[in-house]
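Data block below; observations after.
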Amino acid sequence: MTPIGLPLPDVVPVLRGPHVVLRPAVPADAGVVARLGVDPAIERLFGAGRGARRGLTSGEARAALARLSGPADTQGWVIEQAGRLVGLARLSAVEPGERHARFAVTMLAREHLGRGLGTETTRLVLTYAFAVLGLHRVTARVLSFNERALACLRACGFVEEGRERESVPFEGLWHDLVIMGVLDREFAGLAAARPECAGLAALARVVRDELATGAVSRAPSP
Ligand SMILES: CC(C)(COP(=O)(O)OP(=O)(O)OC[C@H]1O[C@@H](n2cnc3c(N)ncnc32)[C@H](O)[C@@H]1OP(=O)(O)O)[C@@H](O)C(=O)NCCC(=O)NCCS
């Protein structure tokens, strides 16, 4: 079955994995995101912040969710695990001509790190990007000290493509920004080889069918 192709569909499909469900944001998510707030242990991985853990105003939470659907070249999801919102993921700068896009993902609280949720989320989004949208390449940018994110991306087929050397000043040092990229055939090879990726082909079929038949439920924007 061929991908549905681009431009981006006007709905964001639900992506279901064994442990996480990625779904479009709804207005009620803003309260949860505001309560989860900013975790400095996560903020530092983006080279920012050094304060204590704090909540977000409802306006800040709504803005964070709005960035998920952002401009027309962007689609994003909230990540749910066991019915709880635990993170955010986004494909942005989707280019129909060159068929590439940028990927970003974050858990919202430190207790959700290192439990496999980021790797599963990344594989779900890449399945959508390649097998549903028909993208050719996806890139991500990560600070060089963010070992867990680099390991997560490598476990999903990304390789280092280059570095913006000493690009980000943080905590008194310059840090490289690592440009990671994965091609459609590389991800397909990885997905075919890894037993834990066995469900991804079926997911792609379900999502392609839903989008082709218009059976995807429309979630209200946040
Ligand atoms: C990056 C992120 C999404 C990864 O998700 P995660 O659920 O925490 O990571 P996972 O449990 O899936 O583990 C991913 C890899 O990191 C490894 N890992 C886990 N903890 C680690 C640590 N403290 N240091 C180095 N590697 C670590 C795991 O072993 C795994 O590698 P493997 O598959 O080769 O064994 C998550 O850590 C996060 O939200 N970080 C903050 C935001 C961020 O950095 N985003 C990246 C921008 S694209």
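Counting starts at 1 for both ligands and their atoms, following the listed order. Along the sequence shown, residues carry numbers from 1.
- When only non-hydrogen protein atoms are considered, atom 32 (P) of ligand 1 lies nearest to A155 CB, 4.6 Å.
- Atoms of ligand 1 lying under 4.0 Å from at least one heavy atom of C152, given by number and element, are 4 (C), 14 (C), 15 (C).
- Between the side chain of E120 and the backbone N or O of L117, no donor-acceptor pair lies under 3.5 Å.
- Closest approach of L15 to L203, counting heavy atoms only: CA-CD1, 4.1 Å.
- In terms of protein heavy-atom proximity, atom 36 (C) of ligand 1 is nearest to L113 CD2, 3.6 Å.
- Close approach of ligand 1 to E147 is summarised as follows: ligand atoms under 4.0 Å from at least one heavy atom of the residue are 25 (C).
- Atoms of ligand 1 lying under 4.0 Å from at least one heavy atom of M107, given by number and element, are 38 (C), 39 (O).
- For the pair R141 and ligand 1, the shortest N or O to N or O distance does not fall below 3.5 Å.
- When only non-hydrogen protein atoms are considered, atom 45 (N) of ligand 1 lies nearest to V105 O, 2.8 Å.
- Side-chain contact between L143 and L45: absent, with no pair of heavy atoms (C-beta onward) separated by less than 4.5 Å.
- Of the charged side-chain nitrogens involved, at least one lies within less than 4.0 Å of a carboxylate oxygen, so that E164 and R141 count as a salt-bridged pair.
- At a distance under 4.0 Å, no protein heavy atom can be found next to atom 2 (C) of ligand 1.
- Taking a distance limit of 4.0 Å, we find that atom 12 (O) of ligand 1 is approached by some protein heavy atom.
- Salt bridge D29/R62: absent, no basic N to carboxylate O contact under 4.0 Å.
- Among protein heavy atoms, atom 30 (C) of ligand 1 sits closest to A151 CB, 4.2 Å.
- Contact check for W77 versus L68: no side-chain heavy atoms found under the 4.5 Å cut-off.
- An N or O contact shorter than 3.5 Å links G116 to ligand 1 by distance.
- When heavy-atom distances to ligand 1 are checked against a 4.0 Å cut-off, R154 has no atom that comes that close, whether in backbone or side chain.
- The closest protein non-hydrogen atom to atom 5 (O) of ligand 1 is G118 CA, 3.1 Å.
- Q75 contributes a side-chain N or O that, together with a main-chain N or O of P9, makes up a donor-acceptor pair within less than 3.5 Å.
- Residue contact check: N146 has heavy atoms under 4.0 Å from atoms 43 (C), 44 (O) of ligand 1.
- Of the charged side-chain nitrogens involved, none lies within less than 4.0 Å of a carboxylate oxygen, so that R137 and E98 do not count as a salt-bridged pair.
- Remark: H136 NE2 is packed, more than 12 non-hydrogen atoms of other residues, nucleotides or ligands lying under 6.0 Å away.
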Q: Check the pair E95, H100 against side-chain hydrogen bond (donor to acceptor under 3.5 Å, both in side chains), reporting the backbone distance first and the verdict last.
A: CA-CA 5 Å; E95 290 284 348; H100 55 67; 5.7 Å; no

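- Counting only heavy atoms of the protein, atom 19 (C) of ligand 1 lies nearest to R148 CG, 3.5 Å.
- Shown in contact with L45 at under 4.0 Å from a heavy atom are these atoms of ligand 1, numbered in order with element: 40 (N), 41 (C).
- Within a 4.0 Å radius of atom 25 (C) of ligand 1, the protein has at least one heavy atom.
- Distance from atom 14 (C) of ligand 1 to its nearest protein heavy atom, with residue and atom name: T119 OG1, 3.4 Å.
- D39 pairs with exactly one of R44, R53, R54 by the salt bridge (charged side-chain N to carboxylate O under 4.0 Å, His left out) rule, that one being R53.
- Of all protein heavy atoms, the one closest to atom 8 (O) of ligand 1 is G114 N, 2.8 Å.
- In the vicinity of A149, heavy-atom distances shorter than 4.0 Å reach the ligand 1 atoms 1 (C), 44 (O), 46 (C).
- In this structure, D176 does not pair ionically with R165, as no charged nitrogen and carboxylate oxygen lie closer than 4.0 Å.
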